[in-house]
Amino acid sequence: MVYNQYIKCQVCGSVTRIRLQVGYLKQHPIVVICGKCKTSLYGTAYIDQDNIGLKMEFDNANSLGNHIMSEGDYFVECSGEFPVRKQGVDDVDNLISISPFLSQMMSMSSDMKNIETYQQALANLDRTCQKWKSYKRILDLYESKSPYLKQEIRKEFDGQMFPCNTDSEVLHTIHMIEIIGFCSSLKPEILKNLNFSDDILRLNPVQMKCLNDFLNSHDGYHLKQIQSQIYKILDEFIKVYPSLIPAISLQHSGEENFDFEHKGTTTSTFETIKQFYLDVYETLGNLIIIPVAFNNIHYRSDLNSSDIIDSKTLTLEEFVKLTKANRYHFCTDTEKFTAFLKLKYNAKLRNAIGHNDIEYDSILQLITYYPDPKNRAKKDTEYLLQFELEALHMFQAILAVSEYLYRLQELKFMQDGDSDLIRGMASKIGAYDLCPCGSGKKFKFCHKTKK
Ligand SMILES: [Zn+2]
Ligand SMILES: [Zn+2]
């Protein structure tokens, strides 16, 4: 269903027709600009799903009632869930054109499963948002080692399925917030490929112990500090999520062939997403050390031997001294632990934002930036939805590294002598493999029998 409403700009008096795609969200932002005087007419759509009522409120514009089906001066298509045609001049064609919903369904329906997975993903993320207050409380209590932690976990997680008697069981339960709340919708590969996690546990345990020792001896890289950075980003994602939904829907319909020039989003503007983009970029820049170290161990059996990048190979100590932008160069798709991140980013744009060297056209939804601060003759551009997709890809990469971090924390428990956890792995390791505790001895002669 689409719903038309005319609004009048309080500044210049132009009339804009809002054509709203009514979706399942109860409320979502609407980002509209007056086509004439460029005043922001930002608003909110409220949809009462039970009584099929609908209301839109705008800053800087008044509603004209929705009965006059004449043409406005400008036309804006809006949707809380899908990309839409970009705003333009109003004409008769706009009354009969295909709705954002149908347009998106048509591009997804090459494979019917796409639509289903998309709807499932949104429903899951919606539930995460609703539960976020209690999830966040659990994460905070975990970080502060509060005695109330278990009490709060019990309110969300069934004690039979999620026992919390040991530290590793508590961590396992808390990790479910990321798995159920985020990965199931945004990085389902983690759940689909369980071998992948086992592969991490099969990396040389002595080297993995060295990695944990390295991280825990470098300020900013302690496992707890890295975890804390990830929790902070989860919280930021929840806040910006309603604005990112159309970009998420694009990931399900194929972002490669999308018409970024003519279609855009009405749930966000550059300013809505900017800080999130900067923060995911910074955080991921800190986290990349983990997949890089895994690659070193997996491909070269040496924690301190990186892939050859920019014609050099680096030790971990040299790697942490790199700028974030240079660390990103190590995130190649030729080695599996970085390839799994499926990273997309734009370091030049990130730097331009840092220098405030960008311009944003809110009608075209186009970011113009100077990739080289010393040569202002050269300009590059990127559309808002492309920018949002990069932010999403970086966030999804963080979810993947978070899974790596979880495995590192599990190993840390084993390195610290959690024999039950080690013996729980017995089916996954051979008697003559190295013991996961990192002692360097064969499993059979170490924790296989040790109490
Ligand atoms: Zn105006
Ligand atoms: Zn052992």
Side-chain angles (χ1 to χ4, degrees), residues 4-20 29-44 56-66 68 70-78 86-91 94 166-168 171 198 200-213 216 223 264 266 269 271 297 301 303 360-365 407-451:
N4 284 284
Q5 179 162 341
Y6 293 83
I7 60 169
K8 188 172 186 175
C9 173
Q10 290 169 357
V11 177
C12 72
S14 308
V15 174
T16 300
R17 181 216 311 247
I18 305 286
R19 184 181 192 239
L20 178 74
I30 302 179
V31 174
V32 189
I33 312 296
C34 173
K36 189 174 183 187
C37 73
K38 312 289 187 267
T39 300
S40 337
L41 313 176
Y42 298 172
T44 310
M56 287 188 260
E57 283 173 0
F58 294 89
D59 297 341
N60 307 321
N62 302 327
S63 293
L64 292 177
N66 59 355
I68 346 154
S70 60
E71 288 172 28
D73 300 312
Y74 299 98
F75 171 75
V76 180
E77 202 169 62
C78 294
K86 284 184 189 165
Q87 71 179 90
V89 174
D90 198 12
D91 59 34
N94 291 326
T166 63
D167 288 349
S168 63
L171 181 67
D198 289 347
I200 297 171
L201 295 172
R202 283 198 195 93
L203 290 169
N204 182 309
V206 179
Q207 293 278 321
M208 291 298 263
K209 185 168 188 305
C210 291
L211 173 58
N212 268 343
D213 291 344
N216 279 322
L223 300 187
T266 44
T269 169
E271 284 300 321
I297 298 171
S301 310
L303 178 65
Y360 181 64
D361 182 321
S362 47
I363 305 265
L364 299 176
Q365 305 193 347
R407 299 298 159 185
L408 274 181
Q409 288 177 302
E410 262 193 327
L411 282 170
K412 181 80 175 90
F413 286 126
M414 297 187 215
Q415 289 154 7
D416 292 344
D418 186 332
S419 330
D420 289 340
L421 199 58
I422 297 175
R423 277 192 299 273
M425 275 188 64
S427 62
K428 294 174 185 172
I429 29 177
Y432 293 95
D433 290 339
L434 292 175
C435 184
C437 75
S439 65
K441 291 184 210 156
K442 304 239 183 292
F443 184 44
K444 189 179 177 186
F445 305 114
C446 194
H447 276 88
K448 195 174 191 326
T449 48
K450 209 191 256 179
K451 278 280 164 200

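Quick note: numbers below take in every heavy atom, side chains included, and nothing from hydrogens, waters or symmetry partners. Keep in mind that what you see is a predicted model, and the values were worked out from it rather than measured. Order of listing sets the numbers, starting from 1, for every ligand and every atom in it. We're numbering straight along the sequence, starting at 1.
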Any idea which heavy atoms bring Lys448 and Ala431 closest together, and the distance?
CE-CB, 4.1 Å
So what does the Cys446 SG - the Zn ion (ligand 2) - Cys435 SG angle come to, to 10°?
110°
Note: ND1(His447)-the Zn ion (ligand 2)-SG(Cys437) angle, rounded to 10 degrees, equals 110°
Please determine whether the number of non-hydrogen atoms from other residues, nucleotides or ligands lying under 6.0 Å from atom NZ of Lys86 exceeds 12.
yes
Hey, is NZ on Lys444 packed in by over 12 heavy atoms from elsewhere, all under 6.0 Å?
no
Run through Thr39, Asn62, Asp59 and flag the one making a side chain to side chain donor-acceptor pair (under 3.5 Å) with Gln10.
Asn62
Take the Zn ion (ligand 1) as the vertex and measure to SG of Cys12 and SG of Cys37; round to 10°.
110°
